[in-house]
Visitor: 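This is the structure I have questions about; it appears just below.
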Amino acid sequence: MTWLLILILVPLAGSLVLAFLKGNDRAAVLAALGFSILEFLLVIPFWIGYDASGPRLQMTSSFDWIPSFGVHIAFGTDGISLIMIAVIALLVPIVVGGLGTLDKLPPGRSAGGFLSLILLQEALTIGVFAATDVFLFYVLFEIMLIPMYFLIGGYGGANRQYAAVKFFLYSFLGGLIMLASAIGAYSLASDKLGKGTFDWATLVTVVRDAPLSTQIWLFLGFFLAFAIKAPLVPFHTWLPDAAGEAPIGVAVLLVGVLDKVGTFGFLRYCLPMFPDASKTLAPLVLVLSVVGVLYGSILAAGQRDMKRFIAYVSIAHFGFISLGIFAFNEQAMVGSATYMLNHSLATGMLIVVIGLVVARGGSTRISDYGGMAKVTPLLAGMFLLAGLSTLSLPGTNSFVSEFLVLLGSFVDQPVYTILATVGMVLAAAYVLWLYQRVMQGPVRGDALVGVGGGPGTAIAPELGAKKAIRDLNGREIAILAPLVVLILVLGFYPKPVLDTVTPTVQQTLSAVQGGK
(Lines give C-alpha, C1' and ligand atoms only; values in the text may rest on other atoms or scores of the structure.)
Protein backbone atom coordinates (compact mmCIF):
# COMPACT_ATOMS: atom_id res chain seq x y z
CA MET A 1 0.00 0.00 0.00
CA THR A 2 1.51 3.30 -1.11
CA TRP A 3 1.17 6.67 0.56
CA LEU A 4 -1.04 7.83 -2.31
CA LEU A 5 -3.47 4.97 -1.78
CA ILE A 6 -3.67 5.91 1.90
CA LEU A 7 -4.61 9.47 0.87
CA ILE A 8 -7.57 8.04 -1.06
CA LEU A 9 -8.67 5.62 1.66
CA VAL A 10 -8.62 8.06 4.61
CA PRO A 11 -11.47 10.33 3.40
CA LEU A 12 -13.29 7.27 2.05
CA ALA A 13 -13.17 5.71 5.51
CA GLY A 14 -14.31 9.00 7.00
CA SER A 15 -17.27 9.08 4.62
CA LEU A 16 -18.33 5.60 5.75
CA VAL A 17 -18.03 6.54 9.44
CA LEU A 18 -20.12 9.69 8.94
CA ALA A 19 -22.83 7.73 7.19
CA PHE A 20 -23.59 6.17 10.60
CA LEU A 21 -23.59 9.50 12.47
CA LYS A 22 -26.68 11.03 10.89
CA GLY A 23 -28.42 11.47 14.23
CA ASN A 24 -25.63 13.41 15.95
CA ASP A 25 -24.62 16.57 14.12
CA ARG A 26 -21.95 17.62 16.61
CA ALA A 27 -20.23 14.24 16.52
CA ALA A 28 -20.45 14.23 12.72
CA VAL A 29 -18.77 17.64 12.42
CA LEU A 30 -16.00 16.67 14.83
CA ALA A 31 -15.42 13.36 13.05
CA ALA A 32 -15.36 14.99 9.62
CA LEU A 33 -13.00 17.67 10.86
CA GLY A 34 -10.72 15.02 12.33
CA PHE A 35 -10.58 12.97 9.14
CA SER A 36 -10.09 16.03 6.92
CA ILE A 37 -7.30 17.46 9.09
CA LEU A 38 -5.62 14.03 9.19
CA GLU A 39 -5.78 13.96 5.40
CA PHE A 40 -4.13 17.38 5.18
CA LEU A 41 -1.39 16.34 7.61
CA LEU A 42 -0.72 13.23 5.52
CA VAL A 43 -0.31 15.37 2.39
CA ILE A 44 2.62 17.25 3.95
CA PRO A 45 5.07 14.28 4.04
CA PHE A 46 3.60 13.15 0.71
CA TRP A 47 4.71 16.47 -0.85
CA ILE A 48 8.08 16.33 0.91
CA GLY A 49 8.64 12.79 -0.37
CA TYR A 50 7.96 13.76 -3.97
CA ASP A 51 11.15 14.07 -6.02
CA ALA A 52 10.60 16.74 -8.66
CA SER A 53 13.74 15.64 -10.51
CA GLY A 54 12.64 11.99 -10.57
CA PRO A 55 10.39 10.11 -12.99
CA ARG A 56 7.11 11.72 -14.01
CA LEU A 57 4.91 9.23 -12.14
CA GLN A 58 5.84 8.58 -8.52
CA MET A 59 4.24 6.94 -5.45
CA THR A 60 2.81 4.39 -7.88
CA SER A 61 0.71 1.34 -7.08
CA SER A 62 -1.08 -1.12 -9.34
CA PHE A 63 -3.48 -4.00 -8.75
CA ASP A 64 -5.20 -6.24 -11.27
CA TRP A 65 -8.84 -5.31 -11.72
CA ILE A 66 -10.03 -6.85 -15.00
CA PRO A 67 -6.92 -8.71 -16.23
CA SER A 68 -8.56 -10.06 -19.39
CA PHE A 69 -9.01 -6.48 -20.63
CA GLY A 70 -5.76 -5.08 -19.28
CA VAL A 71 -7.50 -2.94 -16.66
CA HIS A 72 -5.76 -2.14 -13.38
CA ILE A 73 -6.44 -0.14 -10.26
CA ALA A 74 -3.34 1.97 -10.77
CA PHE A 75 -2.37 5.24 -9.15
CA GLY A 76 0.59 7.59 -9.35
CA THR A 77 1.30 11.27 -9.12
CA ASP A 78 3.24 13.90 -11.02
CA GLY A 79 3.93 17.50 -10.06
CA ILE A 80 0.64 18.85 -11.39
CA SER A 81 -1.58 16.23 -9.77
CA LEU A 82 0.40 16.68 -6.54
CA ILE A 83 -0.53 20.35 -6.19
CA MET A 84 -4.19 19.60 -6.92
CA ILE A 85 -4.27 16.83 -4.33
CA ALA A 86 -2.72 19.25 -1.85
CA VAL A 87 -5.26 22.00 -2.53
CA ILE A 88 -8.30 19.75 -2.09
CA ALA A 89 -6.79 18.45 1.15
CA LEU A 90 -6.56 22.09 2.28
CA LEU A 91 -10.03 23.19 1.18
CA VAL A 92 -12.04 20.30 2.65
CA PRO A 93 -11.22 21.13 6.33
CA ILE A 94 -12.20 24.73 5.57
CA VAL A 95 -15.55 23.58 4.16
CA VAL A 96 -16.13 21.26 7.11
CA GLY A 97 -15.15 23.91 9.65
CA GLY A 98 -17.48 26.39 7.99
CA LEU A 99 -20.59 24.24 8.30
CA GLY A 100 -23.08 26.22 10.34
CA THR A 101 -21.29 29.46 9.49
CA LEU A 102 -21.03 29.34 5.70
CA ASP A 103 -23.96 26.98 5.20
CA LYS A 104 -27.13 26.20 7.10
CA LEU A 105 -28.50 22.75 6.40
CA PRO A 106 -32.11 22.51 5.16
CA PRO A 107 -34.69 21.30 7.71
CA GLY A 108 -34.59 17.55 8.15
CA ARG A 109 -31.06 17.23 6.72
CA SER A 110 -28.28 15.95 8.96
CA ALA A 111 -24.69 17.11 9.11
CA GLY A 112 -23.58 13.49 8.89
CA GLY A 113 -25.13 13.01 5.46
CA PHE A 114 -23.77 16.29 4.10
CA LEU A 115 -20.24 15.77 5.41
CA SER A 116 -20.19 12.12 4.32
CA LEU A 117 -20.76 13.31 0.76
CA ILE A 118 -18.03 15.96 1.14
CA LEU A 119 -15.43 13.37 2.22
CA LEU A 120 -16.57 10.96 -0.50
CA GLN A 121 -16.12 13.78 -3.01
CA GLU A 122 -12.62 14.36 -1.69
CA ALA A 123 -11.64 10.69 -2.01
CA LEU A 124 -13.00 10.37 -5.56
CA THR A 125 -11.43 13.63 -6.74
CA ILE A 126 -8.02 12.61 -5.41
CA GLY A 127 -8.50 9.31 -7.22
CA VAL A 128 -9.19 11.14 -10.49
CA PHE A 129 -6.01 13.20 -10.20
CA ALA A 130 -3.99 10.10 -9.24
CA ALA A 131 -5.35 7.48 -11.67
CA THR A 132 -2.79 6.14 -14.16
CA ASP A 133 -5.12 3.63 -15.82
CA VAL A 134 -7.29 5.37 -18.40
CA PHE A 135 -10.31 3.15 -17.77
CA LEU A 136 -10.04 3.72 -14.02
CA PHE A 137 -9.77 7.44 -14.71
CA TYR A 138 -12.99 7.30 -16.72
CA VAL A 139 -14.82 5.36 -14.00
CA LEU A 140 -13.77 7.82 -11.28
CA PHE A 141 -14.45 10.76 -13.62
CA GLU A 142 -18.08 9.65 -13.84
CA ILE A 143 -18.55 8.40 -10.27
CA MET A 144 -17.32 11.67 -8.74
CA LEU A 145 -20.37 13.34 -10.29
CA ILE A 146 -22.67 11.44 -7.92
CA PRO A 147 -21.78 13.04 -4.56
CA MET A 148 -21.67 16.49 -6.19
CA TYR A 149 -25.10 15.86 -7.73
CA PHE A 150 -26.57 15.08 -4.31
CA LEU A 151 -24.73 17.96 -2.63
CA ILE A 152 -26.20 20.46 -5.09
CA GLY A 153 -29.60 18.81 -5.51
CA GLY A 154 -30.14 18.05 -1.83
CA TYR A 155 -28.64 21.08 -0.09
CA GLY A 156 -28.67 23.91 -2.66
CA GLY A 157 -30.91 26.85 -3.45
CA ALA A 158 -34.39 27.17 -4.90
CA ASN A 159 -33.43 25.88 -8.37
CA ARG A 160 -31.10 23.20 -7.03
CA GLN A 161 -32.72 20.27 -8.86
CA TYR A 162 -32.40 21.93 -12.25
CA ALA A 163 -28.78 22.93 -11.57
CA ALA A 164 -27.85 19.46 -10.29
CA VAL A 165 -29.37 17.64 -13.26
CA LYS A 166 -27.76 20.03 -15.74
CA PHE A 167 -24.36 19.61 -14.06
CA PHE A 168 -24.67 15.83 -14.10
CA LEU A 169 -25.89 15.46 -17.68
CA TYR A 170 -23.24 17.76 -19.16
CA SER A 171 -20.35 16.01 -17.42
CA PHE A 172 -21.78 12.52 -17.87
CA LEU A 173 -22.22 13.01 -21.61
CA GLY A 174 -18.66 14.30 -21.91
CA GLY A 175 -17.43 11.25 -20.03
CA LEU A 176 -19.22 8.88 -22.40
CA ILE A 177 -17.59 10.54 -25.40
CA MET A 178 -14.22 10.24 -23.66
CA LEU A 179 -14.89 6.52 -23.09
CA ALA A 180 -15.37 6.04 -26.83
CA SER A 181 -11.95 7.61 -27.45
CA ALA A 182 -10.40 5.52 -24.67
CA ILE A 183 -11.73 2.37 -26.35
CA GLY A 184 -10.24 3.57 -29.63
CA ALA A 185 -6.86 4.01 -27.94
CA TYR A 186 -7.23 0.52 -26.43
CA SER A 187 -7.84 -0.90 -29.93
CA LEU A 188 -4.73 0.80 -31.27
CA ALA A 189 -2.69 -0.76 -28.47
CA SER A 190 -4.22 -4.16 -29.20
CA ASP A 191 -3.29 -3.91 -32.88
CA LYS A 192 0.27 -2.83 -32.18
CA LEU A 193 1.11 -4.86 -29.06
CA GLY A 194 -1.06 -7.91 -29.62
CA LYS A 195 -3.08 -7.16 -26.49
CA GLY A 196 -5.10 -4.22 -25.33
CA THR A 197 -4.20 -2.04 -22.38
CA PHE A 198 -5.48 1.07 -20.61
CA ASP A 199 -2.15 1.84 -18.96
CA TRP A 200 -1.51 5.56 -19.46
CA ALA A 201 2.26 5.31 -19.98
CA THR A 202 1.85 2.54 -22.56
CA LEU A 203 -0.90 4.34 -24.44
CA VAL A 204 1.24 7.48 -24.66
CA THR A 205 3.88 5.54 -26.58
CA VAL A 206 1.34 3.76 -28.81
CA VAL A 207 -1.25 6.40 -29.71
CA ARG A 208 1.28 9.13 -30.47
CA ASP A 209 2.40 7.09 -33.52
CA ALA A 210 -1.13 6.81 -34.93
CA PRO A 211 -2.07 8.63 -38.17
CA LEU A 212 -3.04 12.26 -37.72
CA SER A 213 -6.68 11.68 -38.69
CA THR A 214 -7.00 8.95 -36.05
CA GLN A 215 -5.33 11.13 -33.44
CA ILE A 216 -7.71 13.98 -34.17
CA TRP A 217 -10.81 11.87 -33.64
CA LEU A 218 -9.46 10.38 -30.42
CA PHE A 219 -8.23 13.77 -29.23
CA LEU A 220 -11.68 15.31 -29.74
CA GLY A 221 -13.28 12.69 -27.49
CA PHE A 222 -10.97 13.49 -24.59
CA PHE A 223 -10.94 17.22 -25.31
CA LEU A 224 -14.73 17.55 -25.30
CA ALA A 225 -15.00 15.85 -21.90
CA PHE A 226 -12.33 18.14 -20.44
CA ALA A 227 -13.68 21.27 -22.15
CA ILE A 228 -17.06 20.64 -20.50
CA LYS A 229 -15.46 20.02 -17.14
CA ALA A 230 -13.13 23.06 -17.28
CA PRO A 231 -15.43 24.64 -18.65
CA LEU A 232 -14.57 26.34 -21.92
CA VAL A 233 -17.08 28.38 -23.89
CA PRO A 234 -19.46 27.18 -25.37
CA PHE A 235 -19.58 24.19 -22.99
CA HIS A 236 -19.83 26.37 -19.90
CA THR A 237 -23.54 26.93 -19.29
CA TRP A 238 -23.81 24.39 -16.46
CA LEU A 239 -21.31 26.23 -14.21
CA PRO A 240 -23.21 29.47 -13.42
CA ASP A 241 -26.32 27.45 -12.55
CA ALA A 242 -24.43 24.87 -10.46
CA ALA A 243 -22.26 27.43 -8.65
CA GLY A 244 -25.20 29.77 -8.14
CA GLU A 245 -27.40 27.10 -6.53
CA ALA A 246 -24.76 25.10 -4.65
CA PRO A 247 -24.17 25.69 -0.94
CA ILE A 248 -21.14 27.91 -0.31
CA GLY A 249 -18.90 25.05 0.86
CA VAL A 250 -19.88 22.93 -2.13
CA ALA A 251 -19.22 25.87 -4.48
CA VAL A 252 -15.72 26.14 -3.02
CA LEU A 253 -14.99 22.54 -4.07
CA LEU A 254 -16.85 22.79 -7.38
CA VAL A 255 -15.15 25.96 -8.66
CA GLY A 256 -11.94 25.51 -6.70
CA VAL A 257 -11.11 21.89 -7.48
CA LEU A 258 -13.51 19.87 -9.64
CA ASP A 259 -13.25 22.24 -12.60
CA LYS A 260 -9.48 21.77 -12.60
CA VAL A 261 -10.00 18.16 -13.71
CA GLY A 262 -10.60 19.65 -17.17
CA THR A 263 -7.37 21.61 -17.45
CA PHE A 264 -5.50 18.76 -15.73
CA GLY A 265 -6.89 16.43 -18.40
CA PHE A 266 -5.49 18.66 -21.15
CA LEU A 267 -2.01 18.33 -19.63
CA ARG A 268 -2.13 14.65 -18.63
CA TYR A 269 -4.06 13.13 -21.54
CA CYS A 270 -4.65 15.37 -24.55
CA LEU A 271 -1.12 16.68 -25.10
CA PRO A 272 1.08 13.61 -24.39
CA MET A 273 -1.26 11.04 -25.99
CA PHE A 274 -2.19 13.06 -29.09
CA PRO A 275 0.72 15.44 -29.75
CA ASP A 276 0.12 15.90 -33.48
CA ALA A 277 -3.62 16.42 -33.03
CA SER A 278 -2.94 18.88 -30.20
CA LYS A 279 -0.69 20.98 -32.42
CA THR A 280 -3.07 20.77 -35.38
CA LEU A 281 -6.16 21.80 -33.39
CA ALA A 282 -4.37 24.31 -31.14
CA PRO A 283 -5.67 27.35 -33.12
CA LEU A 284 -9.25 26.22 -32.49
CA VAL A 285 -8.58 25.81 -28.77
CA LEU A 286 -6.88 29.19 -28.61
CA VAL A 287 -9.91 30.84 -30.21
CA LEU A 288 -12.22 29.15 -27.67
CA SER A 289 -9.89 30.23 -24.87
CA VAL A 290 -9.86 33.89 -25.87
CA VAL A 291 -13.61 33.88 -26.46
CA GLY A 292 -14.01 32.42 -22.98
CA VAL A 293 -11.87 35.14 -21.42
CA LEU A 294 -13.78 37.96 -23.13
CA TYR A 295 -17.20 36.37 -22.75
CA GLY A 296 -16.72 35.51 -19.08
CA SER A 297 -15.44 38.98 -18.30
CA ILE A 298 -18.28 40.77 -20.08
CA LEU A 299 -21.00 38.51 -18.63
CA ALA A 300 -19.57 39.01 -15.14
CA ALA A 301 -20.40 42.71 -15.43
CA GLY A 302 -24.08 41.96 -15.90
CA GLN A 303 -24.52 39.65 -12.92
CA ARG A 304 -26.70 40.63 -10.01
CA ASP A 305 -25.86 37.56 -7.93
CA MET A 306 -22.45 37.32 -6.25
CA LYS A 307 -22.09 33.57 -6.71
CA ARG A 308 -22.92 33.70 -10.41
CA PHE A 309 -20.51 36.63 -10.73
CA ILE A 310 -17.70 34.41 -9.42
CA ALA A 311 -18.72 31.66 -11.84
CA TYR A 312 -18.32 33.94 -14.87
CA VAL A 313 -15.02 35.36 -13.61
CA SER A 314 -13.82 31.76 -13.25
CA ILE A 315 -14.89 30.98 -16.83
CA ALA A 316 -12.62 33.84 -17.92
CA HIS A 317 -9.77 32.44 -15.83
CA PHE A 318 -10.18 28.95 -17.28
CA GLY A 319 -9.90 30.41 -20.76
CA PHE A 320 -6.68 32.05 -19.66
CA ILE A 321 -5.34 28.75 -18.29
CA SER A 322 -6.11 26.87 -21.51
CA LEU A 323 -4.45 29.66 -23.50
CA GLY A 324 -1.21 29.02 -21.62
CA ILE A 325 -1.49 25.26 -22.13
CA PHE A 326 -2.06 25.35 -25.88
CA ALA A 327 0.55 28.04 -26.52
CA PHE A 328 3.10 25.19 -26.23
CA ASN A 329 5.58 27.40 -24.45
CA GLU A 330 7.27 26.24 -21.24
CA GLN A 331 6.82 29.50 -19.36
CA ALA A 332 3.17 29.75 -20.37
CA MET A 333 2.45 26.13 -19.49
CA VAL A 334 4.16 26.43 -16.09
CA GLY A 335 2.05 29.54 -15.52
CA SER A 336 -1.13 27.63 -16.40
CA ALA A 337 -0.24 24.69 -14.16
CA THR A 338 0.45 26.94 -11.18
CA TYR A 339 -2.62 29.03 -12.01
CA MET A 340 -4.70 25.92 -11.35
CA LEU A 341 -3.49 25.97 -7.74
CA ASN A 342 -3.59 29.73 -7.31
CA HIS A 343 -7.07 30.05 -8.78
CA SER A 344 -8.24 27.43 -6.28
CA LEU A 345 -6.82 29.44 -3.40
CA ALA A 346 -7.99 32.88 -4.57
CA THR A 347 -11.45 31.84 -5.74
CA GLY A 348 -11.89 29.51 -2.80
CA MET A 349 -11.22 32.37 -0.41
CA LEU A 350 -13.47 34.74 -2.34
CA ILE A 351 -16.36 32.27 -2.23
CA VAL A 352 -15.82 31.71 1.50
CA VAL A 353 -15.85 35.47 2.12
CA ILE A 354 -19.01 35.83 0.05
CA GLY A 355 -20.52 33.07 2.17
CA LEU A 356 -19.70 35.04 5.31
CA VAL A 357 -21.30 38.15 3.79
CA VAL A 358 -24.42 36.19 2.85
CA ALA A 359 -24.57 34.65 6.34
CA ARG A 360 -24.85 38.19 7.71
CA GLY A 361 -27.12 39.75 5.10
CA GLY A 362 -29.24 36.78 4.06
CA SER A 363 -28.99 37.54 0.33
CA THR A 364 -26.63 36.86 -2.57
CA ARG A 365 -27.86 39.88 -4.56
CA ILE A 366 -25.17 42.52 -4.97
CA SER A 367 -27.69 45.35 -4.83
CA ASP A 368 -28.79 44.29 -1.34
CA TYR A 369 -25.47 45.43 0.14
CA GLY A 370 -23.45 48.56 0.67
CA GLY A 371 -21.05 50.00 3.20
CA MET A 372 -20.30 46.75 5.00
CA ALA A 373 -16.73 47.90 5.64
CA LYS A 374 -18.15 50.33 8.19
CA VAL A 375 -19.87 47.49 10.01
CA THR A 376 -17.40 44.63 9.46
CA PRO A 377 -13.95 46.10 8.70
CA LEU A 378 -12.07 42.81 9.15
CA LEU A 379 -14.43 40.97 6.83
CA ALA A 380 -14.02 43.81 4.32
CA GLY A 381 -10.25 43.39 4.49
CA MET A 382 -10.55 39.67 3.76
CA PHE A 383 -12.90 40.45 0.87
CA LEU A 384 -10.38 42.91 -0.55
CA LEU A 385 -7.46 40.48 -0.23
CA ALA A 386 -9.40 37.70 -1.96
CA GLY A 387 -10.43 40.09 -4.72
CA LEU A 388 -6.88 41.35 -5.23
CA SER A 389 -5.62 37.78 -5.47
CA THR A 390 -8.36 36.99 -7.99
CA LEU A 391 -7.27 39.90 -10.19
CA SER A 392 -3.59 38.87 -9.79
CA LEU A 393 -2.21 41.91 -8.01
CA PRO A 394 1.60 41.75 -7.61
CA GLY A 395 2.40 40.40 -4.19
CA THR A 396 -0.47 37.91 -4.25
CA ASN A 397 -0.19 34.27 -5.27
CA SER A 398 -1.90 34.59 -8.67
CA PHE A 399 0.41 37.25 -10.05
CA VAL A 400 3.36 34.98 -10.89
CA SER A 401 1.09 32.51 -12.68
CA GLU A 402 -0.63 35.16 -14.76
CA PHE A 403 2.68 36.86 -15.57
CA LEU A 404 4.20 33.58 -16.79
CA VAL A 405 1.17 32.84 -18.98
CA LEU A 406 1.36 36.31 -20.54
CA LEU A 407 5.13 36.21 -20.96
CA GLY A 408 5.22 32.77 -22.52
CA SER A 409 2.10 33.03 -24.67
CA PHE A 410 3.10 36.38 -26.14
CA VAL A 411 6.25 34.86 -27.61
CA ASP A 412 4.35 32.41 -29.83
CA GLN A 413 0.77 33.70 -29.81
CA PRO A 414 0.90 37.52 -29.48
CA VAL A 415 -2.55 38.25 -30.94
CA TYR A 416 -4.38 35.77 -28.72
CA THR A 417 -2.41 36.98 -25.71
CA ILE A 418 -3.27 40.64 -26.27
CA LEU A 419 -6.97 39.84 -26.66
CA ALA A 420 -6.95 37.69 -23.53
CA THR A 421 -5.19 40.45 -21.60
CA VAL A 422 -8.00 42.86 -22.44
CA GLY A 423 -10.48 40.40 -20.96
CA MET A 424 -8.44 39.94 -17.81
CA VAL A 425 -8.24 43.72 -17.33
CA LEU A 426 -12.04 43.86 -17.59
CA ALA A 427 -12.36 41.04 -15.06
CA ALA A 428 -10.09 42.90 -12.66
CA ALA A 429 -12.28 45.98 -12.95
CA TYR A 430 -15.38 43.91 -12.24
CA VAL A 431 -13.87 42.35 -9.12
CA LEU A 432 -13.09 45.81 -7.76
CA TRP A 433 -16.59 46.90 -8.75
CA LEU A 434 -18.03 44.05 -6.69
CA TYR A 435 -15.96 45.06 -3.67
CA GLN A 436 -16.97 48.69 -4.05
CA ARG A 437 -20.68 47.88 -4.32
CA VAL A 438 -20.73 45.53 -1.32
CA MET A 439 -18.22 47.08 1.06
CA GLN A 440 -17.95 50.81 0.32
CA GLY A 441 -20.34 53.75 0.41
CA PRO A 442 -23.11 54.29 2.95
CA VAL A 443 -24.53 51.37 4.90
CA ARG A 444 -27.59 50.74 2.80
CA GLY A 445 -29.65 48.25 0.83
CA ASP A 446 -32.24 45.62 1.61
CA ALA A 447 -29.87 43.44 3.61
CA LEU A 448 -28.03 46.03 5.67
CA VAL A 449 -29.50 49.27 6.98
CA GLY A 450 -27.83 50.86 10.00
CA VAL A 451 -29.99 51.42 13.06
CA GLY A 452 -29.28 53.42 16.16
CA GLY A 453 -26.13 54.84 14.60
CA GLY A 454 -23.99 52.13 16.16
CA PRO A 455 -21.57 50.06 14.08
CA GLY A 456 -22.10 46.34 14.28
CA THR A 457 -25.89 46.55 14.32
CA ALA A 458 -28.13 46.49 11.29
CA ILE A 459 -31.55 45.45 10.19
CA ALA A 460 -32.61 42.89 7.61
CA PRO A 461 -36.00 44.20 6.42
CA GLU A 462 -36.81 41.06 4.41
CA LEU A 463 -36.60 39.14 7.69
CA GLY A 464 -38.75 41.71 9.43
CA ALA A 465 -36.49 41.99 12.46
CA LYS A 466 -33.37 43.66 13.73
CA LYS A 467 -30.23 41.63 13.23
CA ALA A 468 -26.79 42.01 14.79
CA ILE A 469 -24.13 42.32 12.10
CA ARG A 470 -20.86 41.29 13.68
CA ASP A 471 -17.36 41.21 12.30
CA LEU A 472 -15.38 37.99 11.95
CA ASN A 473 -15.26 35.77 15.01
CA GLY A 474 -12.46 33.41 16.00
CA ARG A 475 -13.87 30.44 14.10
CA GLU A 476 -14.23 32.43 10.90
CA ILE A 477 -10.70 33.82 11.22
CA ALA A 478 -9.41 30.25 11.65
CA ILE A 479 -11.21 29.21 8.46
CA LEU A 480 -9.68 32.04 6.44
CA ALA A 481 -6.20 32.06 8.00
CA PRO A 482 -4.64 29.21 5.92
CA LEU A 483 -5.81 30.82 2.68
CA VAL A 484 -4.53 34.25 3.71
CA VAL A 485 -1.11 32.81 4.60
CA LEU A 486 -0.77 30.90 1.32
CA ILE A 487 -1.96 33.82 -0.81
CA LEU A 488 0.68 36.09 0.71
CA VAL A 489 3.53 33.57 1.02
CA LEU A 490 3.15 32.25 -2.53
CA GLY A 491 2.87 35.83 -3.73
CA PHE A 492 6.41 36.53 -2.58
CA TYR A 493 7.93 33.03 -2.66
CA PRO A 494 6.36 30.78 -5.33
CA LYS A 495 9.52 28.68 -5.77
CA PRO A 496 8.23 25.47 -4.07
CA VAL A 497 5.26 25.27 -6.43
CA LEU A 498 7.25 26.27 -9.52
CA ASP A 499 9.95 23.70 -8.75
CA THR A 500 7.29 21.01 -8.35
CA VAL A 501 5.40 21.55 -11.60
CA THR A 502 8.20 22.64 -13.96
CA PRO A 503 9.73 19.16 -14.57
CA THR A 504 6.27 17.73 -15.32
CA VAL A 505 5.61 20.55 -17.78
CA GLN A 506 8.97 19.95 -19.43
CA GLN A 507 8.16 16.26 -19.83
CA THR A 508 4.77 17.14 -21.32
CA LEU A 509 6.32 19.54 -23.83
CA SER A 510 8.95 16.98 -24.70
CA ALA A 511 6.20 14.49 -25.51
CA VAL A 512 4.43 17.05 -27.71
CA GLN A 513 7.59 18.06 -29.53
CA GLY A 514 8.46 14.42 -30.06
CA GLY A 515 5.37 13.88 -32.21
CA LYS A 516 5.55 13.39 -35.93
Side-chain angles (χ1 to χ4, degrees), residues 56 69-71 131-138 141-142 170-235 261-292 319 322-329 332-333 336 409 412-413 415-416 505 507-516:
R56 173 162 186 169
F69 289 99
V71 178
T132 57
D133 182 281
V134 177
F135 185 78
L136 175 65
F137 173 82
Y138 160 75
F141 184 89
E142 298 286 45
Y170 267 64
S171 296
F172 183 71
L173 176 61
L176 289 178
I177 297 172
M178 179 176 66
L179 176 62
S181 286
I183 293 173
Y186 177 91
S187 299
L188 288 176
S190 180
D191 292 341
K192 185 171 183 177
L193 304 176
K195 62 176 182 179
T197 182
F198 285 102
D199 177 67
W200 173 82
T202 303
L203 289 179
V204 166
T205 62
V206 171
V207 179
R208 63 184 296 105
D209 295 329
L212 177 60
S213 58
T214 302
Q215 277 197 39
I216 288 175
W217 282 109
L218 297 180
F219 169 90
L220 288 173
F222 280 88
F223 174 79
L224 182 60
F226 299 140
I228 292 173
K229 181 65 71 177
L232 288 182
V233 175
F235 312 107
V261 172
T263 48
F264 170 79
F266 293 154
L267 291 164
R268 170 67 71 85
Y269 294 94
C270 289
L271 269 60
M273 289 178 63
F274 316 105
D276 300 319
S278 297
K279 289 182 285 189
T280 300
L281 297 178
L284 171 62
V285 182
L286 292 172
V287 169
L288 294 179
S289 300
V290 172
V291 169
S322 61
L323 168 67
I325 292 173
F326 283 89
F328 298 118
N329 175 282
M333 197 174 290
S336 291
S409 299
D412 299 305
Q413 306 291 345
V415 175
Y416 293 114
V505 166
Q507 292 163 343
T508 301
L509 277 175
S510 177
V512 174
Q513 294 165 356
K516 296 178 183 178

Visitor: Quick check against the 3.5 Å criterion: does S278 have a side-chain atom that pairs as donor or acceptor with the backbone of C270?
Guide: yes
Visitor: Would you say that R56 contacts R268 through its side chain, given a criterion of any heavy-atom pair below 4.5 Å between the two side chains?
Guide: yes
Visitor: For S289 and G319, work out which heavy atoms get closest and say how close.
Guide: CB-O, 3.2 Å
Visitor: If I take atom CG from residue L173 and atom CG from residue L224, how far apart are they, to the nearest 0.5 angstrom?
Guide: 7.0 Å
Visitor: Atom CD of Q413 and atom CG of N329: how far apart are they, to the nearest 0.5 Å?
Guide: 9.5 Å
Visitor: Answer whether the closest heavy-atom distance between the side chains of T197 and V206 falls below 4.5 Å.
Guide: no
Visitor: Measure the spacing between CG of L220 and CG of L281 and express it to the nearest 0.5 Å.
Guide: 5.5 Å
Visitor: When rounded to the nearest 0.5 angstrom, what distance separates CG in L232 from OG1 in T263?
Guide: 9.0 Å
Visitor: Can M178 and Y269 be said to form a side chain to side chain contact (heavy atoms under 4.5 Å, CB included), step by step?
Guide: CA-CA 11 Å; M178 179 176 66; Y269 294 94; over 6 Å; no
Visitor: Check for a donor-acceptor pair, side chain of R208 on one end and backbone N or O of P275 on the other, with a separation under 3.5 Å.
Guide: no
Visitor: Can S322 and L288 be said to form a side chain to side chain contact (heavy atoms under 4.5 Å, CB included), step by step?
Guide: CA-CA 9 Å; S322 61; L288 294 179; over 6 Å; no
Visitor: Would Y186 and V207 count as a side chain to side chain contact (heavy atoms under 4.5 Å, CB included) if you check the C-alpha gap in whole Å, the side-chain angles of each, and the deciding distance to 0.1 Å?
Guide: CA-CA 9 Å; Y186 177 91; V207 179; over 6 Å; no
Visitor: Do you know the tightest heavy-atom contact between M333 and F328?
Guide: CE-CA, 4.3 Å
Visitor: Heavy atoms, side chains only, cut-off 4.5 Å: are F141 and V261 in contact?
Guide: yes
Visitor: Can you tell me how far the CG atom of L218 sits from the OG atom of S213, to the nearest 0.5 Å?
Guide: 9.5 Å
Visitor: Once you measure the plane-to-plane angle for F198 and F135, does it fall in the parallel (<30°), tilted (30-60°) or perpendicular (>60°) bin?
Guide: tilted
Visitor: Check the orientation of F222 and F274. Use parallel for under 30°, tilted for 30 to 60°, and perpendicular for over 60°.
Guide: tilted
Visitor: Fit a plane to each ring of F266 and F226, take the angle between them on a 0 to 90° scale, and name the class: parallel (under 30°), tilted (30 to 60°) or perpendicular (over 60°).
Guide: perpendicular
Visitor: Test your reading of the model: is there a side-chain donor-acceptor pair from Q215 to the backbone of A277, 3.5 Å cut-off?
Guide: yes
Visitor: What distance separates I228 CD1 from Y170 OH, expressed to the nearest 0.5 Å?
Guide: 8.0 Å
Visitor: Between A327 and L286, which heavy-atom pair has the shortest distance, and what is it?
Guide: N-CD2, 4.3 Å
Visitor: With a 4.5 Å limit on heavy-atom distance, are the side chains of V71 and L136 in contact?
Guide: no
Visitor: Starting from the C-alpha separation in whole Å, work towards a yes-or-no answer on side chain to side chain contact (heavy atoms under 4.5 Å, CB included) for T280 and F219.
Guide: CA-CA 11 Å; T280 300; F219 169 90; over 6 Å; no
Visitor: Given side chains that start at C-beta, do those of I325 and V285 come closer than 4.5 Å, heavy atoms only?
Guide: no
